[in-house]
Chemist: 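Here's a structure for you.
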Number of protein chains: 2
Amino acid sequence: MNISQAAKLSGLSVKTVRYYADIKMVEPARNIQSGYRSYTNDDVAKLNFIGKARRFNFSIEECRELLSLYQDKNRSSKEVKKLTLAKIASIDEKLKEFHSLRDELSHLVNCCNGDDRPSCPILDELSK
Amino acid sequence: MNISQAAKLSGLSVKTVRYYADIKMVEPARNIQSGYRSYTNDDVAKLNFIGKARRFNFSIEECRELLSLYQDKNRSSKEVKKLTLAKIASIDEKLKEFHSLRDELSHLVNCCNGDDRPSCPILDELSK
DNA sequence: TCTTTACATTCCAGTAACTGGAGACTTTAT
DNA sequence: ATAAAGTCTCCAGTTACTGGAATGTAAAGA
């Protein structure tokens with residue numbers, strides 16, 4: 001199938017699918033006459049896999065790793081679990097950061113009248 | 001003072017301070033002989049302000065806005081509060097995303113034996 | 001004074017993961 | 001035959017810096 005159908009089936013944009021070909025993540029065959037990329041169902045399965053992993057916040061390089069584990073019938077589940085645990089840990093860090101950010105900001109907002117006068121505890125805090 | 005002291009006092013890197021000059025956020029005077037950037041205490045205060053706002057996850061453009069409010073003695077606190085509330089809302093969205101991501105991933109991890117055998121519920125889920 | 005060292009300048013490239021657009025070619029529909 | 005839709009490659013832009021090269025200036029030591 002052509003790229004637009006592969007994109008539709010995998011839920012990715014044509015640009016993204018072409019990008020994944022460029023970076024050698026999913027390299028389809030080529031139609032010799034037209035030069036058009038020609039995707040198989042297997043290619044689409046890989047695109048799907050990548051799309052899902054990306055939505056799980058795995059980076060492109062991590063996706064590459066997961067993909068090669070996915071295609072290796074002899075891999076151990078230990079390796080996959082390790083990658084996933086690391087991903088969870090990094091998400092936990094981000095969560096912590098964002099939580100404390102949120103707390104500080106909402107504290108500032110609560111202190112601010114939000115009226116037409118210039119006095120503003122938020123700016124006061126930022127300038128300290 | 002020269003750029004390295006301004007950097008030190010504001011807790012930013014020299015590169016970053018120079019970058020803020022390039023994008024016209026904090027434009028110091030120049031020493032005519034040497035061409036060196038020459039920072040005042042006021043400039044450092046602005047750098048500080050920006051550094052803090054960045055740590056609060058405000059984008060450069062938002063910092064620009066906050067900075068002009070900060071320098072406008074007649075601004076209303078309403079405007080600042082509005083920006084900050086929008087920032088909190090966007091942080092809340094990210095928090096929600098990361099929370100559900102975390103939950104899904106940790107569910108998968110719990111299902112995975114993590115042994116030397118190839119069977120892996122994580123990859124199974126990604127390939128669905 | 002000379003030299004070394006530290007600090008400063010500009011400019012270019014790279015980061016992550018795409019996205020948008022131009023110009024050209026192929027396929028499909030009318 | 002022509003027009004529209006789909007595809008191709010290549011280049012630039014996004015965010016907020018960071019690293020490095022080549023070059024110039026200032027301060028400190030011999």
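Naming convention: chains lettered A, B, ... in sequence-line order (proteins, then strands); numbering from 1 in each chain.
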Chemist: Of the nucleotides D:dT18, D:dC10, D:dC8, which one has an atom closest to the side chain of A:I3?
Modeler: D:dC8
Chemist: Between A:V17, A:D22, A:I23, which is the residue that forms a side chain to side chain contact (heavy atoms under 4.5 Å, CB included) with A:Y20?
Modeler: A:I23
Chemist: Just the rounded figure in Å: distance from P of D:dA26 to CD of B:Q5.
Modeler: 17 Å
Chemist: Between atom OH in B:Y19 and atom C1' in C:dC11, what is the gap in whole Å?
Modeler: 16 Å
Chemist: Is the backbone N or O of B:Y36 less than 3.5 Å from a side-chain atom of B:R30, with the two atoms forming a donor-acceptor pair by type?
Modeler: no
Chemist: May I have the distance from A:N31 (atom CG) to C:dC25 (atom C1'), rounded to whole angstrom?
Modeler: 13 Å
Chemist: Does A:S4 have a side-chain nitrogen or oxygen under 4.0 Å from the phosphate oxygens OP1 or OP2 of D:dT7?
Modeler: yes
Chemist: Report yes if a side-chain nitrogen or oxygen of B:Y20 is closer than 4.0 Å to either non-bridging phosphate oxygen (OP1 or OP2) of D:dC17; otherwise report no.
Modeler: yes
Chemist: Counting side-chain heavy atoms from C-beta on, which of C:dA17, C:dT27, D:dT25 comes nearest to B:Y36?
Modeler: D:dT25
Chemist: Examine C:dA8: is either OP1 or OP2 under 4.0 Å from a nitrogen or oxygen in the side chain of B:R18? Give yes or no.
Modeler: no
Chemist: Consider the side chain of B:R54, meaning its heavy atoms from C-beta on, and name the nucleotide among C:dC7, C:dT27, D:dC17 that approaches it most closely.
Modeler: D:dC17
Chemist: If you check every side-chain atom of B:S34, which of D:dC17, D:dA26, C:dC18 has the closest atom?
Modeler: D:dA26
Chemist: B:S38 and B:N2: side-chain donor and acceptor closer than 3.5 Å?
Modeler: no
Chemist: We want to know whether A:S100 and A:D103 form a side-chain donor-acceptor pair, criterion being a heavy-atom distance below 3.5 angstrom.
Modeler: no
Chemist: Starting at CD1 of B:I32 and ending at P of C:dA8, how long is that distance when rounded to a whole Å?
Modeler: 19 Å
Chemist: Under 4.0 Å from OP1 or OP2 of D:dT9: is there any side-chain N or O of A:R30 that close?
Modeler: yes
Chemist: State whether B:R37 places a side-chain N or O below 4.0 Å from either non-bridging phosphate oxygen (OP1 or OP2) of C:dC7.
Modeler: no
Chemist: B:Q33 CD to C:dT9 P: how many Å, rounded?
Modeler: 15 Å
Chemist: Under 4.0 Å from OP1 or OP2 of D:dA16: is there any side-chain N or O of B:T16 that close?
Modeler: no
Chemist: OP1 or OP2 of D:dT15 less than 4.0 angstrom from a side-chain nitrogen or oxygen of B:S59, does that happen here?
Modeler: no
Chemist: D:dA5 C1' sits how many Å from A:K8 NZ, rounded?
Modeler: 13 Å
Chemist: Mark yes or no for whether A:S76, through its side chain, and B:D116, through its backbone, hold a donor-acceptor pair below 3.5 Å.
Modeler: no
Chemist: Please give, in whole Å, the distance from D:dA21 P to B:K15 NZ?
Modeler: 11 Å
Chemist: Expressed in angstrom and rounded to an integer, what is the separation of B:I23 atom CD1 from D:dT14 atom C1'?
Modeler: 14 Å
